[in-house]
Amino acid sequence: MSWWTATMAVPRGTWINLGFLLILLHLMHQPVTCAGDSADYYTAAVVEFTPTHKGDNGTTTLRENSLSYVKYIEQASEQNADIIVFPEDGLTSLYMPSRAHMDSWATVVPSPLENYIPCTENRISNVSETLTRLSCAARRNHIYVVVNIAEKEFCEPKGKRCADGVSYHNTNVVFDRTGAIVARYRKVNLYMEYRFDTTEEPEIVTFDTDFGVTFGTFICFDILFWVPALNLTRMRGVSNFVYTTAWFSEAPFLTAVQTQFAWSFAENANLLVSGYHEAINGNAGSGIYLGRKGIANATITASPLHRLLISRVPKKNEPSKRTEEILIDETIVPLESFAVVEKQLEEKLNLIHLLHDNLTAYESVPLEVSMTKKLCYKDFCCDFDVRTSGPIDPRVNYRAVVYDGVRLYGAYVQAGVRVCAVIQCKNQSFNSCGSYQSSDTTFTTLNITATYPDYSNILAMPSVLDHSLFPIEHFTYTERPHDGQTSVSLALKQPTRNLVTFGLYARDFTKDKEDRP
Ligand SMILES: *[C@@H]1O[C@H](CO)[C@@H](O)[C@H](O)[C@H]1NC(C)=O
Ligand SMILES: *[C@@H]1O[C@H](CO)[C@@H](O)[C@H](O)[C@H]1NC(C)=O
Ligand SMILES: *[C@@H]1O[C@H](CO)[C@@H](O)[C@H](O)[C@H]1NC(C)=O
Ligand SMILES: *[C@@H]1O[C@H](CO)[C@@H](O)[C@H](O)[C@H]1NC(C)=O
Ligand SMILES: *[C@@H]1O[C@H](CO)[C@@H](O)[C@H](O)[C@H]1NC(C)=O
Ligand SMILES: *[C@@H]1O[C@H](CO)[C@@H](O)[C@H](O)[C@H]1NC(C)=O
Ligand SMILES: *[C@@H]1O[C@H](CO)[C@@H](O)[C@H](O)[C@H]1NC(C)=O
């Protein structure tokens, strides 16, 4: 029986009946607007967010920023979002005091095993007013809420660990629609965050939802490591993620949206990303990514300082079939629709301060108008097939680069990378590479093939970028296993201008070494 025949059966007449009818309509409408378990999509909201308050007082900073969050929670709920994600450090801001003064900036976060609803109970002490406010907002607005917050964990001293009886963690907290804490994840891969501690064993965290989707979660720098992200995709088959970040964009391979897209594509997983915004430090970029189906929504601009992105996300997202040719023209929403918006803001992109990768050790050759060449760094070789048509834009140069070795992330993390790519440079000098300006040079063919002997241990990401700091959308990505190794080819599908980066940026986890002071 449909809802329409049911409501027609209510007799006409009094206001009371009408009121009843409206309630009935409302109740019966509910499963449709809230996606429900049976729909083939859910609705996701992510917030590009600048803290509205930064200061020297933890209590005030957390209060003001969480009050801002509540407004976004209300807006997202009005637009029928099932889940909303806020960024790393969004509540505290990046400007936290040293470890010794963290107490008023941090909260106890009850374990999901407690089934605790901060909004309605007080059986656990030291849970901050901020968590309570967010729990109530999730409950009132009937929406899943994902936040990142500074956590204090009272603990027993054990050697160097927990020497002063407390550990501080960089933590994601997830509330369900009743305001209950259903997930708590403590960041594994800290990026020069000296005030925070890691757990003894890394935590690998998932949570289930009433719309039938299981999410994994991780934070910022974690995206470049195996643990916990690839434990979730490759060992547990998780294909939906909520990701909080305060990313420092780096040219030419690791700007924010480029990296988010690259990971989602490589692992073929839906990735809901909320980014902390402070362009002057290079923090910008959020989006909703659909694995090999492309981008649903994304933003990376110097302004506005805040943006709420809402998109439907298809639930069905099989984990990556790692041997098939997959074409990105399955993209549900063509990327151009965003590029148009962003291009109006092109001049503002220069206001995003970018870091630059140190490419000194890379092998490189200047690109010729037409070039078919194998370029090697020691044993790691890549095939380049390049053709351009029409005039070459004299304002830009391009180079083919190859590298296989370690690099430094931040101050003390050494990590293995294997890269082959075409990158943009300002002039003939290699030092000028990593520029990202518009370019009228048209590439008609650009096909780069890398061969990895140990493919199951690496993460090979398509690193593709145009001058608006958006991924280039038209390429094929082909994985071909042969003779115990795997060749991956990345090839342009149509003539392309404004190219900044096009290649494969792979992480090789076997060379990783951390030497935290
Ligand atoms: C922070 O501000 C509150 C008032 O909002 C005040 O009660 C508290 O003492 C301040 N804390 C510090 C450390 O200054
Ligand atoms: C935690 O809560 C207990 C009980 O309410 C209180 O005595 C203690 O001072 C609190 N500790 C901190 C560090 O806030
Ligand atoms: C995560 O993956 C790493 C690397 O394969 C493995 O050593 C570790 O045991 C995994 N952790 C869990 C909890 O599965
Ligand atoms: C992206 O998010 C904005 C803000 O919610 C929304 O208006 C727009 O329709 C979204 N775009 C797509 C393609 O979903
Ligand atoms: C860049 O890398 C080269 C070679 O790996 C190294 O000698 C140099 O010190 C690095 N430069 C900076 C600024 O880190
Ligand atoms: C190349 O560009 C860089 C700026 O990126 C500049 O410092 C350098 O002088 C230029 N070199 C030449 C040869 O024009
Ligand atoms: C790219 O190059 C590889 C290796 O030469 C080749 O097998 C593949 O077919 C090429 N792809 C395209 C789309 O041309």
Side-chain angles (χ1 to χ4, degrees), residues 185-186 188-189 198-206 216 218 222 224-238 250 267 323-329 355-364 370-375 377-378 381-387 400-417 419-420 422 430-431 433-434 443-452 454-459 462 464 472 474-483 485-496 502-504 507-512:
Y185 165 67
R186 294 159 173 165
V188 171
N189 300 284
T198 52
T199 55
E200 199 165 356
E201 291 296 325
E203 296 180 341
I204 313 241
V205 173
T206 63
F218 54 90
D222 284 334
L224 294 176
F225 294 86
W226 184 286
V227 182
L230 303 191
N231 291 82
L232 289 162
T233 53
R234 297 189 186 180
M235 297 163 93
R236 301 213 184 160
V238 176
E250 183 190 84
E267 292 303 296
T323 52
E324 244 178 49
E325 175 163 6
I326 297 156
L327 305 181
I328 195 162
D329 52 358
L355 299 173
H356 283 266
D357 197 353
N358 178 1
L359 306 174
T360 313
Y362 281 48
E363 283 298 334
S364 91
S370 169
M371 181 179 110
T372 302
K373 206 181 196 100
K374 187 185 284 292
L375 194 59
Y377 187 99
K378 295 178 185 159
C381 296
C382 302
D383 293 296
F384 291 84
D385 188 4
V386 184
R387 237 148 295 172
V401 297
V402 181
Y403 182 65
D404 180 13
V406 294
R407 66 155 289 177
L408 194 62
Y409 289 117
Y412 55 80
V413 175
Q414 304 221 326
V417 293
V419 184
C420 38
V422 165
F430 189 40
N431 288 332
C433 292
F443 289 89
T444 48
T445 300
L446 192 44
N447 180 1
I448 301 175
T449 301
T451 299
Y452 310 97
D454 49 354
Y455 194 54
S456 62
N457 291 322
I458 71 156
L459 169 65
V464 289
I472 289 163
H474 302 289
F475 64 81
T476 60
Y477 178 94
T478 316
E479 297 161 299
R480 262 190 327 273
H482 59 93
D483 315 321
Q485 30 186 24
T486 300
S487 290
V488 180
S489 295
L490 192 71
L492 275 181
K493 275 182 63 189
Q494 62 180 53
T496 300
F502 192 86
L504 291 158
R507 282 279 288 108
D508 165 12
F509 304 105
T510 61
K511 297 201 181 91
D512 291 6

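We count ligands from 1, going down the list as the structure has it; atoms in each ligand are counted the same way.
For ligand 7, the atoms closer than 4.0 angstrom to any heavy atom of Arg480 are 7 (O). Shown in contact with Thr360 at under 4.0 Å from a heavy atom are these atoms of ligand 5, numbered in order with element: 1 (C), 2 (O), 3 (C). For ligand 7, the atoms lying closer than 4.0 Å to a non-hydrogen atom of Thr449 are 2 (O), 3 (C), 4 (C). Atoms of ligand 7 found under 4.0 Å from any heavy atom of Ala491, numbered from 1 in the order shown, are 13 (C). Heavy-atom contacts of Asn447 reach the following atoms of ligand 7: 1 (C), 2 (O), 3 (C), 8 (C), 10 (C), 11 (N), 12 (C), 14 (O) (cutoff under 4.0 Å). For ligand 7, the atoms sitting less than 4.0 Å from at least one non-hydrogen atom of Ser489 are 3 (C), numbered in the order shown with element in parentheses.
Among protein heavy atoms, the minimum distance from atom 5 (O) of ligand 5 is reached at Ala361 CB, 4.0 Å. Scanning all protein heavy atoms for the shortest distance to atom 8 (C) of ligand 3 gives Asn231 ND2, 3.8 Å. Counting protein heavy atoms only, atom 13 (C) of ligand 5 is closest to Asn358 ND2, 4.5 Å.
Polar contact check, Trp226 against ligand 3: a nitrogen or oxygen pair lies under 3.5 Å apart.
Of the possible polar contacts, none joining the Asp508 side chain to the Ile458 backbone as a donor-acceptor pair under 3.5 Å is found. Side-chain N or O atoms of Thr486 include none that pairs as donor or acceptor with a backbone N or O of Tyr452 at under 3.5 Å.
Between Tyr377 and Tyr403, the angle of the ring planes goes over 60°, which puts this pair in the perpendicular group of the 30/60° scheme.
Using a 4.5 Å heavy-atom cutoff, the side chains of Val488 and Leu504 are in contact.
The residues Arg234 and Glu267 are annotated as salt-bridged, a charged nitrogen and a carboxylate oxygen being separated by less than 4.0 angstrom. Salt bridge present: Arg407 and Glu250 bring a charged side-chain N and a carboxylate O closer than 4.0 Å.
Looking at His482 and Ser487, their side chains do bring a donor and an acceptor atom within 3.5 Å of each other.
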